[in-house]
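Working notes for the structure below.
Reminder, nothing fancy here: chain letters follow the sequence lines and each chain counts from 1.
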Number of protein chains: 2
Amino acid sequence: MRLLLISNSTNAGEAYLEHPLEQIKSFLGGTMVNALFIPYAGVTISFDVYTSRVRKRFQEIGHDITSIHETEDPVRAVQHAQAIVVGGGNTFHLAKLMQDQGLMDPIRKEVLAGTPYIGWSAGSNMACPSIRTTNDMPIVEPGSFRALNLVPFQINPHYLDANPEGHAGETREMRIEEFIEANPGMFVVGLREGTMFLVQDGTIQLLGPKPARIFRKDHVPQELGPGSDFSFLL
Amino acid sequence: MRLLLISNSTNAGEAYLEHPLEQIKSFLGGTMVNALFIPYAGVTISFDVYTSRVRKRFQEIGHDITSIHETEDPVRAVQHAQAIVVGGGNTFHLAKLMQDQGLMDPIRKEVLAGTPYIGWSAGSNMACPSIRTTNDMPIVEPGSFRALNLVPFQINPHYLDANPEGHAGETREMRIEEFIEANPGMFVVGLREGTMFLVQDGTIQLLGPKPARIFRKDHVPQELGPGSDFSFLL
């Protein structure tokens, strides 16, 4: 199984998909790949426009995408995909459309059988056992919070440390502490912007300039940088 | 029907329930009320500790609370409540426990029949048609996103304008724009910290020092201050 699970598409002040572009290129390898793109997290952007934005970036690195919304038979498209790419947006919207179209089991099966999977933001959340560590607003109600369960831990993408000054709502850490309280035994990884996990051949590696923050009930949160051993998560 | 729907319990730098305390006092009136408290949004705080914190503040203003977790028959407690108070915390946790205990219909019925309702944060979200404009992490999966439907619009509590500097995740406004895109026709009110809605006798009034921000699909978001006419929401 090969996964590239990216916290976010775009760092503040940078171009779209700029920070992970070299990693995506190296993950897909030297031969041109036409990946299947799943744009269903997009809500205020049309699937066509979303697909164009992503296609442009993939073409710059010698690859291409076909969006699942352009295919006649989405399940068949999954079964024949050279790689699967799940973009960010609203995780509930993504989960609902993937479930409604019966894509959950087919995607899981293909990725477990070796189809490379790239996700960012909502797309990284979808690789986890459930969507219960998303930051997104539950704007639509999916049939279930279950996700693809490709890794046995939960990612919190766009992990951030602070609230804006003068704001008293829960910090991200408080939200994740609620999650681990309600879900003892689960690991949650706060994946900061600009960072990603590369999972392949039974190994897991953090890439990017910042440490990840690991949460588990009854444990003090732990900061682990790139180069650390994350194998306990698998 | 009488509702006091408060954005947040606590402003940055203030004591717990300080900003809405005078409004709660005036809402409950001159005769001592022993309100039924629903602490089910609490996750990292025990229901006992949560109840003590709220009780202390209510006693300071000449009232008291009994928590529903201390009662033998929660539905009966709702039916006999002098007032119902729903505290903040995690909205999904609150919805799940209220639904699992069969409290949704009984509470709605009593409040429509005149039992005063006070909510803050998650407790204000629960007064809306659904919990789909919560900011909370979906740490547990409720049977449904349906809420008490006491008002026909959605509140986004703890509404805030900006992200922390250097963070590229969606702003609150972007999240709400996703909601109205997916739910055309619904009004969403961004209720800033320190503010609240008083609904009574078919009228609605914004209280507090800041304007509310009103969202609806195909409309430019609108800032309406205290004293404005919010009757279009009802």
Top of A:Leu160, A:Thr134, A:Ile180 for chain B proximity - count of heavy-atom pairs under 4.5 angstrom: A:Leu160
Over 12 foreign heavy atoms within 6.0 Å of CG, B:Asn149: yes
Should the ring pair A:Phe145 and B:Phe145 be called parallel, tilted or perpendicular, given that the plane angle runs from 0 to 90° and is split at 30 and 60? tilted
From the options B:Val43, B:Thr44, B:Asn90, B:Ile139, select the one residue that forms a side-chain contact (heavy atoms from CB on, under 4.5 Å) with A:Phe179. B:Ile139
Most contact-rich option vs chain A, by heavy-atom pairs under 4.5 angstrom, among B:Glu14, B:Arg175, B:Glu141, is B:Glu141
Given that the side chain runs from C-beta out, which part of A:Arg192 has a heavy atom under 4.5 Å from chain B: side chain, backbone, both or neither? neither
Which portion of A:Ile131 sits near chain B, non-hydrogen atoms under 4.5 angstrom: backbone
Nearest-0.5 Å distance, CE of residue B:Met137 to CG of residue A:Asp136: 10.0 Å
Assert top hit (heavy-atom pairs under 4.5 Å, partner chain A, pool B:Ile176, B:Asn156, B:Thr133) equals B:Thr133
Just wondering, more than 12 heavy atoms not from B:Arg146 lying within 6.0 Å of its CZ? no
Taking side chain as everything from C-beta outward and backbone as N, CA, C, O, which of these in A:Ser144 sits under 4.5 Å from a heavy atom of chain B? Side chain, backbone, both or neither. both
Under a 4.5 Å heavy-atom cut-off, does chain B meet the side chain of A:Asn183, its backbone, both or neither? side chain
Could you tell me whether B:Arg216 atom CZ has more than 12 heavy atoms of other residues or ligands within 6.0 Å of it? yes
With chain A, which of B:Val140, B:Thr91, B:Asp161 has the greatest number of heavy-atom pairs at distances under 4.5 Å? B:Val140
